[in-house]
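Take a look at the structure set out below.
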Amino acid sequence: MAKAFGIVNTSGNHIWVEGLESHRTIGAFSFLGRYRVIDFPISNFSNSDIEQIKVFVRRKPRSLIDHLGTGRHYSINSKRGKLQVLFSQNSSENDIYNTDIAAFYENIDCIERMHEQYVIITPNFMVFTQNFDTLLQTHIESEADITMLYHSVDNAKEMYLNCDLLNLNKQKGVLSIEKNRGTAKNRNISMDTYVMKKDLFVELIKKARKISSMYTLAQIVNKECEELDIRGVAHRGYFATITDFKSYYDANLSLIDGKTAASLFDEDWPIYTRTNDSSPTQYFEDSSVKYSVVSNGCLIEGTVENSVIGRGCVIKKGAVVKNSVILPGALIGENAHIENQVVDKRAKIIRAKEVIAPPEKPGYVRREDTL
Amino acid sequence: MKQNNMVAMILAGGRGSRLHDLTNKVAKPAVSYGGKYRIVDFPLSNCANSGIDVVGVLTQYESVLLNSYVSMGRRWGLDAKGSGVYVLPPREKADANLDVYRGTADAISQNIDFIDTYNPEYLLVLSGDHIYKMNYSKMLDYHKENKADATIAVIEVPMREASRFGIMNANEDGVIYEFEEKPEKPKSNLASMGIYIFDWKQLRKLLVADMKNPDSNHDFGKDIIPTLLNDGKRLLAYKFKGYWKDVGTIDSLWEANMDLLDKKNELDLSDPTWKIYTEDVTTLPHYVGAEADIKRAFITQGCVIEGEVKNSVLFTGAKVGAGAKIIDSVLMPGVSVEEGAVVTRALVADGVKIGKEAVVGSADSEHIELVAKRVKGVE
């Protein structure tokens with residue numbers, strides 16, 4: 001019997017992914033062809049035998065709710081477990097009020113009612129695998145008040161700029177949490193993942209509300225660093241944050257590499273997603289596909305290189321797709337040349353012959369758009 | 001969903017012994033097909049798509065895998081209230097000896113109590129080992145419109161092949177006047193597809209009598225249909241147009257897979273209005289390596305392709321190493337072809353490993369080579 005329930009948290013309002021996020025929340029972003037970003041945190045919970053999961057959603061819920069459904073596909077026991085989606089009423093006068101704490105507070109009765117003694121909170125915009133059961137045991141054994149997951153990186157100057165970082169002492173105690181301002185290469189990036197007792201979590205939510213309506217979970221935890229015993233646990237393996245358009249593009253393409261993919265995917269740690277019952281992909285006489293990840297249900301007649309192809313895409317004769325992320329149901333028409341692009345769902349590139357962007361600044365083709 | 005008052009029974013007890021090693025451990029309906037499917041997915045998906053809620057699956061030969069596979073009705077969406085897929089192997093009864101199903105009709109007879117619990121007006125009898133897409137509700141409409149006692153789906157086969165099938169001789173209005181099992185000199189080319197709609201009350205009486213008849217083979221083709229005809233009942237032939245394949249041999253199973261490579265293949269598995277549902281496996285999408293070369297292929301999730309794939313069908317999780325060549329072949333789930341190996345005109349069974357630089361099959365063989373055991377390569 002699991003001692004913890006899980007919360008999948010939303011991204012803060014300082015994070016905005018150009019283009020894609022206009023249509024759905026980051027958790028509902030298509031990822032590596034057949035997944036959605038939220039499949040990772042939910043599979044992490046499910047594989048850790050945490051079957052009471054609350055998913056917070058702040059805006060544009062349709063796509064996410066479509067995908068989550070009853071949660072059956074996440075291998076959660078349909079009687080003992082529950083995947084609950086919690087909305088929060090967004091304040092319209094100013095986005096500063098729309099914090100995670102505000103959302104928790106609005107649903108505090110749902111949190112207080114839980115029988116589990118512990119809560120694990122993890123974000124919907126990061127891609128990694130983690131055994132939360134092991135993390136919970138570490139937390140309990142350490143007798144700390146809060147355990148936070150972090151990932152040590154050596155490229156914090158140019159990446160993870162919208163993330164928080166942890167300042168740790170030698171014993172891995174968290175001294176403070178601050179924004180990554182890109183001032184140093186080697187940093188411990190906060191994975192916005194917390195383990196604590198449910199009662200402490202409720203207490204922190206209430207406390208934060210009293211201090212400031214703008215307070216986030218990270219801010220109240222930071223404020224408590226001196227009072228509480230907060231420890232960091234290092235995460236190993238693949239870690240990607242989706243905090244802007246480029247990071248979304250990079251994370252997708254990074255997983256074409258087999259070695260990188262092996263650091264995320266493990267047969268013993270399945271990543272569940274919703275099946276679409278698409279047929280296998282069909283390659284025709286003139287197809288030429290190299291170094292790519294291709295989902296089911298595609299019809300491929302053209303050339304594809306270093307790209308991620310979503311479910312049910314059509315790549316017509318003479319079309320060339322390079323260094324691109326093609327979301328499900330897109331059509332790349334005859335002789336169209338696509339390079340360094342993210343092509344959103346069901347977009348059709350028919351008349352445009354060349355859609356090419358520089359590699360350092362990939363382009364975006366809107367959802368259901370026709371070019 | 002509104003019920004259409006018809007219960008379907010799928011005959012899935014056959015071994016399919018001409019599939020040799022493929023059916024040593026699993027019944028023919030559970031054999032893999034088309035990259036991600038099993039043959040029985042076709043009748044089950046057809047039922048689900050035709051608005052049939054209750055499906056009984058009659059299993060017998062090596063049924064462990066088949067039973068556990070079909071019992072998950074949710075795979076085909078057959079899990080709403082009042083809906084389900086029910087596995088019906090032979091069982092011991094209070095007033096009779098434990099008996100295997102003695103024939104296709106006996107399999108239904110032994111489950112009269114199951115069918116009675118739903119009290120349907122019509123009974124649909126299907127075969128679990130055919131590949132096709134068919135809307136049974138249209139066939140039921142035809143059955144009702146023609147006030148038939150029984151309706152049998154038929155397909156036109158080439159006249160020279162007609163003697164391999166059960167042939168229905170029918171008038172122009174579709175009324176069947178004669179049935180001939182594998183006739184030497186066929187009078188028509190309307191082959192029975194083994195798909196029947198019966199008026200349940202009528203069939204029930206016939207089955208009860210048939211069970212007690214010591215001279216009967218308890219078979220639909222040999223006994224029930226001829227009895228109905230002798231009794232002067234109204235039997236209608238329902239002409240089906242489209243893809244239909246009974247994959248009885250390794251050659252025909254291979255061929256049915258190769259049919260999928262045609263641009264205009266009639267089966268069209270990508271039709272969003274008539275999807276074929278199957279087990280949902282948790283694997284990555286397929287990966288195509290930098291040196292891979294894929295032309296005319298049908299490839300599903302979990303595959304890893306570093307080599308060459310031409311005119312072939314790759315099932316879930318098949319792996320093709322660097323420099324390996326897969327030509328005119330079918331790789332079943334979990335097959336691994338290591339570096340430099342060459343596979344030509346072969347059907348490689350589930351999970352078989354083909355070692356480095358091994359050579360399997362040949363381009364000018366008459367039959368497709370079935371590879372059911374590990375092939376050692378260069379160490």
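Below, read A as the first sequence line, B as the second, and so on, with proteins coming before strands; counting in each chain starts at 1. Quick caveat: nothing in here was measured; it's all calculated off a predicted structure.
With a 4.5 Å cut-off on non-hydrogen atoms, B/S270 touches chain A through its backbone and its side chain both. Contact of A/S278 with chain B is made through the backbone alone, with heavy-atom distances under 4.5 Å. Residue B/Y37 touches chain A through its side chain alone, counting heavy-atom pairs closer than 4.5 Å. Using a 4.5 Å cut-off between heavy atoms, B/I305 does not touch chain A at all. When heavy atoms are compared at a cutoff of 4.5 Å, B/D268 does not approach chain A at all. Heavy atoms closer than 4.5 Å to chain A are found in the backbone of B/V281, but not in its side chain. In this structure, no portion of A/D39 lies under 4.5 Å from any heavy atom of chain B. Both the backbone and the side chain of B/K36 come within less than 4.5 Å of a heavy atom in chain A. Looking at A/T273, only its backbone comes within 4.5 Å of chain B, counting heavy atoms on both sides.
No other option in A/T275, A/V289, A/D277 has as many heavy-atom pairs under 4.5 Å with chain B as A/D277.
A donor-acceptor contact closer than 3.5 angstrom is absent between the side chains of B/S312 and B/R296. Using modelled atom types and a 3.5 Å distance limit, the side chains of B/W76 and B/N49 yield no donor-acceptor pair. In summary, the side chains of B/Y69 and B/T278 do present a donor paired with an acceptor at a separation below 3.5 Å, with no hydrogens or angles considered.
Nearest heavy atoms, B/S45 versus B/K275: CB-O, 3.9 Å.
Taking CD1 of B/I299 as the start and OG1 of B/T316 as the end, the distance is 12.0 Å to the nearest 0.5 Å. With rounding to the nearest 0.5 Å, the separation of CG in B/L19 from CG in B/L370 is 8.5 Å.
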Applying side-chain contact (heavy atoms from CB on, under 4.5 Å), run through A/V294 and B/Y287 and close with a yes or a no. CA-CA 6 Å; A/V294 184; B/Y287 165 78; over 6 Å; no
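The cationic group of B/K133 does not satisfy the cation-pi geometry with B/Y243, failing either the under 6.0 Å distance to the six-membered ring centre or the 45° limit from the ring axis. Figure legend: B/R38 and B/Y33 shown without cation-pi pairing, the cationic atom not lying both under 6.0 angstrom from the six-membered ring centre and within 45 degrees of its axis.
Chain B is approached within less than 4.5 Å, heavy atom to heavy atom, by A/I256, A/F265, A/P270 from residues 251-270 of chain A, ordered by number. Of all residues spanning residues 295-333 of chain A, those with a heavy atom less than 4.5 Å away from chain B's heavy atoms are A/S295, A/N296, A/E301, arranged by number.
In summary, B/D293 and B/K310 engage in a salt bridge, as defined by a charged side-chain N under 4.0 Å from a carboxylate O. Between B/D79 and A/R72 a salt bridge is recorded (basic side-chain N to carboxylate O distance below 4.0 Å).
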